[in-house]
Peer 1: 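What follows is a single structure, and I will ask about it in a moment.
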Amino acid sequence: MKTTLQGWGAQRRVECDVHSPQTTTEVTALLDAAGTLARGLGRSYGDAALNEHRRVVSMTRLDRYLAFDEATGVLRAEAGVSLEQVLRDFGPRGFLPAVTPGTKFVTLGGCIANDVHGKAHHAQGSFLSSVDSFRVVTATGATVTASRTENADLFFASFGGMGLLGIITDVTLKLRRVETTYFRQQAIVVGDLDAMLDALAEHDATSPYSVAYVDPLATGRSLGKGVLTVGDHASLADLPKAFATHPLHVAGPSRLGVPFELPELTLNPLTIRVVNQVIQAVLRGAKPVSHAESFFYPLDAIGDWNRGYGKRGFIQYQFVVPLDGGRQTLRALLEAIVSSGQLPFLNILKRMGPSNEAPLSFPMKGYTFAIDFPVRDGLVALTRRLDAMVADAGGRTYLGKDSWLDAATFRRMYARLPEWLAVKRRWDPHGLFTSDLGRRLDIG
Ligand SMILES: Cc1cc2nc3c(=O)[nH]c(=O)nc-3n(C[C@H](O)[C@H](O)[C@H](O)COP(=O)(O)OP(=O)(O)OC[C@H]3O[C@@H](n4cnc5c(N)ncnc54)[C@H](O)[C@@H]3O)c2cc1C
């Protein structure tokens, strides 16, 4: 059916031929030689889940659980199951997703295709670390199992593979056993970039979860100031009385929402300053124990918050640069942003742990920074400048957030691309799996 789709940043709307199968057999029947792409909940910001004038296989109706082993926490589920479902259904039984991004409205298939990372990357790795195996409909129509020991090339290349190797239909993954669905957390106010990077290094050694919010409008000696939040799962003994009666509590869906796109004028330097001051005050005043949902997914409390950026939409620009030389690179990138006249809105900084076996996985040991920008004239020119600086520093940008990266700079950023392309040629020699992002970056 012809349907207009967009990425989470809503900067482009494109017409696609969308189908919503309920079984693997139906998925196989939908393979279209003119170009096919799986789509999850559309939380990628740019064009990763768009396939203009071509087929899109929406996976959200393949959302059943297939098996669960309470003793090991191993879950087998269809690829359209979301982390929201997993939290809601397994939280009360004492299990949470082992690795989660900053929103729970993502599918298991989408988490594999972007090899998503969370606030504990330095301690726990990315989504790959929690997955044992999956089944995938390949370009010939055959469904194969991929794991570390079976079709291992397809397994690893699918993490960060942007859906361009096949359609994942079900996933076997390990959930994390927890005593409570709460978090212990501590907020640390930090005055500048050097102090922030020192604080991240110090706390990453002891706290599995950490994330820094950096004031996007701070300049000069205050550049990089913000609030670092560190934490870990709370045990029963950590809970105050009010929470201890329901230690595995999970809340229902939020009712708050942004009902329509706000006019673009809503965001200007003044409103951005005010909103960011409010955010910093909320972070500074955070309670020592909070629920996992507010710790992991602060933005999910407001449905459709992406509409708040107005009709031209927004981008999130996320990059990672190596630790070596990282301070200077971060400073140069932040200065380029602050002096650009664009409106950086939310700045999130983290240290990442080492990269993994997946050739196109984004994380690498270094500093990662994510910044939201409402789309305005001149923004593409800024991101091109930033892309070049990131590539020169040996870093890369995150495809799950990307909108405008060009193929040549992408090749400079992802040195293991030739390895991934060899897997693509083996499993999809005629390029059946394709997307707007794949064609833009010349990978599918
Ligand atoms: C508020 C917010 C916070 C976020 N925070 C983080 C974060 O902290 N860390 C992080 O890593 N990411 C983060 N993201 C990005 C998000 O986690 C990823 O974009 C994720 O892949 C989205 O999952 P989805 O189900 O919506 O997939 P979609 O966006 O619909 O698709 C993403 C990719 O997955 C492919 N795909 C989907 N399903 C399948 C399947 N069954 N088989 C094969 N390919 C498939 C698609 O083709 C596409 O290439 C955030 C996004 C938002 C909106």
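Start at 1 and go down the list; that is how both ligands and their atoms are numbered. Just so you know, residue 1 is the first one in the sequence shown, and it goes up from there.
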Peer 1: Using a 4.0 Å cutoff against the non-hydrogen atoms of G109, which atoms of ligand 1 qualify?
Peer 2: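 It comes down to these atoms of ligand 1: 37 (C), 38 (N), 39 (C), 40 (C), 41 (N), 45 (C).
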Peer 1: Say whether Q318 and T368, considering side chains only, have a donor N or O and an acceptor N or O under 3.5 Å apart.
Peer 2: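 Result is yes, a qualifying pair exists.
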Peer 1: Would you say S129 and N356 are linked by a side-chain donor-acceptor pair, where the criterion is simply a distance under 3.5 Å?
Peer 2: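 Looking only at side-chain atoms, S129 and N356 do not form any donor-acceptor pair under 3.5 Å.
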Peer 1: Do the numbers put R396 on top of the ring of Y414, so that NZ or CZ is under 6.0 Å from the six-membered ring centre and no more than 45° off the axis?
Peer 2: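 Output yes; distance and angle both within limits.
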Peer 1: Measuring from non-hydrogen atoms of G7 to any atom of ligand 1, is the shortest distance under 4.0 Å?
Peer 2: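 Under 4.0 Å: no for G7.
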Peer 1: Regarding atom 45 (C) of ligand 1: of the candidates G80, A48, A38, which has the closest heavy atom?
Peer 2: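 Going through G80, A48, A38 one by one, A38 has the nearest heavy atom to atom 45 (C) of ligand 1.
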Peer 1: Relative to ligand 1, is M59 under 4.0 angstrom through side chain, backbone, both or neither, heavy atoms considered?
Peer 2: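 It is the side chain that touches ligand 1; the backbone stays farther off.
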Peer 1: Would you call Y45 a ligand 1 contact, heavy-atom distance under 4.0 Å?
Peer 2: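 Yes.
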Peer 1: For atom 1 (C) of ligand 1, what's the nearest protein heavy-atom neighbour? Residue, atom name and distance, please.
Peer 2: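 The protein heavy atom lying closest is W305 CZ2, 3.5 Å.
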Peer 1: Which is closest to atom 50 (C) of ligand 1 by heavy-atom distance: L62, V106, T103?
Peer 2: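 Residue with the shortest heavy-atom distance to the ligand atom: T103.
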Peer 1: List ligand 1 atoms under 4.0 Å from A79, heavy atoms only on the residue side.
Peer 2: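 Within the 4.0 Å cut-off of A79, ligand 1 contributes 41 (N).
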Peer 1: When you measure from the heavy atoms of K401 to every atom of ligand 1, does any distance fall below 4.0 Å?
Peer 2: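 K401 counts as a contact of ligand 1 under the 4.0 Å cut-off.
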Peer 1: Quick one: which ligand 1 atoms are inside 4.0 Å of a heavy atom on W8?
Peer 2: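 Result: 53 (C).
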Peer 1: Using 30° and 60° as the class limits, which term best fits the ring planes of F362 and H117: parallel, tilted or perpendicular?
Peer 2: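 Rings of F362 and H117: tilted, 30 to 60°.
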Peer 1: Do you see a donor-acceptor pair shorter than 3.5 Å between the side chains of D428 and T138?
Peer 2: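 No, no side-chain donor-acceptor contact under 3.5 Å.
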Peer 1: Between the side chains of D204 and S210, is a donor N or O closer than 3.5 angstrom to an acceptor N or O?
Peer 2: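 Side chains of D204 and S210: pair found under 3.5 Å.
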Peer 1: Which option out of T60, I168, L50 puts a heavy atom nearest to atom 41 (N) of ligand 1?
Peer 2: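 The residue whose heavy atom sits nearest atom 41 (N) of ligand 1 is I168.
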Peer 1: Out of G42, G9, G160, S126, indicate the one that has the non-hydrogen atom closest to atom 28 (P) of ligand 1.
Peer 2: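 Among G42, G9, G160, S126, the closest heavy atom to atom 28 (P) of ligand 1 belongs to G42.
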Peer 1: Of the choices M162, H117, R43, which has the non-hydrogen atom that lies closest to atom 9 (N) of ligand 1?
Peer 2: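 Among M162, H117, R43, the closest heavy atom to atom 9 (N) of ligand 1 belongs to H117.
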Peer 1: Please determine if A113 has a nitrogen or oxygen closer than 3.5 Å to a nitrogen or oxygen of ligand 1.
Peer 2: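 It does not: no N or O of A113 is found under 3.5 Å from an N or O of ligand 1.
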Peer 1: Among all protein heavy atoms, pick the one closest to atom 24 (P) of ligand 1 and tell me residue, atom and distance.
Peer 2: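 Protein heavy atom at minimum distance: L41 N, 3.5 Å.
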Peer 1: So, for F95 and F68, is the gap between ring centers shorter than 6.0 Å?
Peer 2: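 Centroid distance F95-F68: below 6.0 Å, so yes.
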Peer 1: I'd like to check the side-chain contact (heavy atoms from CB on, under 4.5 Å) partners of A33; sequence neighbours left out, ordered by chain and number.
Peer 2: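 With sequence neighbours excluded, A33 shows a side-chain contact (heavy atoms from CB on, under 4.5 Å) to no residue whatsoever.
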Peer 1: Please determine which of T100, V211, V99 meets the side-chain contact (heavy atoms from CB on, under 4.5 Å) test together with K119.
Peer 2: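 It is V211; the other options fail the test.
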Peer 1: Hey, looking at atom 13 (C) of ligand 1, which of G163, A49, P101 has the closest heavy atom?
Peer 2: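 Looking at heavy atoms only, P101 sits closest to atom 13 (C) of ligand 1.
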Peer 1: Is there a nitrogen or oxygen of T107 sitting under 3.5 Å from a nitrogen or oxygen of ligand 1?
Peer 2: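 Min N/O separation from ligand 1 is below 3.5 Å for T107.
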Peer 1: Could you work out, for atom 38 (N) of ligand 1, the closest of S44, G110, A370 by heavy-atom distance?
Peer 2: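 The nearest heavy atom belongs to G110.
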Peer 1: Heavy atoms only: which of L37, N114, V27 lies closest to atom 20 (C) of ligand 1?
Peer 2: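 Looking at heavy atoms only, the winner is N114.
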Peer 1: Examine ligand 1 and decide if any of its atoms is less than 4.0 Å from a heavy atom belonging to Y398.
Peer 2: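 It does; at least one heavy atom falls under 4.0 Å.
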Peer 1: Indicate the ring-plane relationship of H249 and H291, choosing parallel, tilted or perpendicular according to the 30° and 60° boundaries.
Peer 2: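 Judged by the thresholds at 30° and 60°, the geometry between H249 and H291 is perpendicular.
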Peer 1: Whether the R426 and N151 side chains hold a donor-acceptor pair (N or O, under 3.5 Å, no angle test) is what I'd like checked.
Peer 2: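 Not at all, the side chains of R426 and N151 share no donor-acceptor pair under 3.5 Å.
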Peer 1: For G102 and ligand 1, does the shortest N/O to N/O distance drop below 3.5 Å?
Peer 2: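 Yes.
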Peer 1: Which of parallel (below 30°), tilted (30 to 60°) and perpendicular (above 60°) describes F183 and H233?
Peer 2: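 Rings of F183 and H233: tilted, 30 to 60°.
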Peer 1: Decide whether the shortest distance between a heavy atom of G118 and an atom of ligand 1 is less than 4.0 Å.
Peer 2: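 Contact check G118 vs ligand 1: negative.
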Peer 1: I want to know if ligand 1 touches D115 in the polar sense, i.e. an N/O pair below 3.5 angstrom.
Peer 2: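 In fact, backbone or side chain, D115 has no N or O that close.
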Peer 1: Would you say Y317's side chain and D387's backbone share a donor-acceptor pair under 3.5 angstrom?
Peer 2: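 Flag set: sc Y317 to bb D387 pair under 3.5 Å.
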Peer 1: In this structure, is the centre-to-centre distance between the rings of Y398 and F369 below 6.0 Å?
Peer 2: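 Ring centroids of F369 and Y398 are no less than 6.0 Å from each other.
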Peer 1: In the protein, what heavy atom is nearest to atom 43 (C) of ligand 1, and what distance, to one decimal place, separates them?
Peer 2: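 The closest heavy atom on the protein side is G166 O, 3.4 Å.
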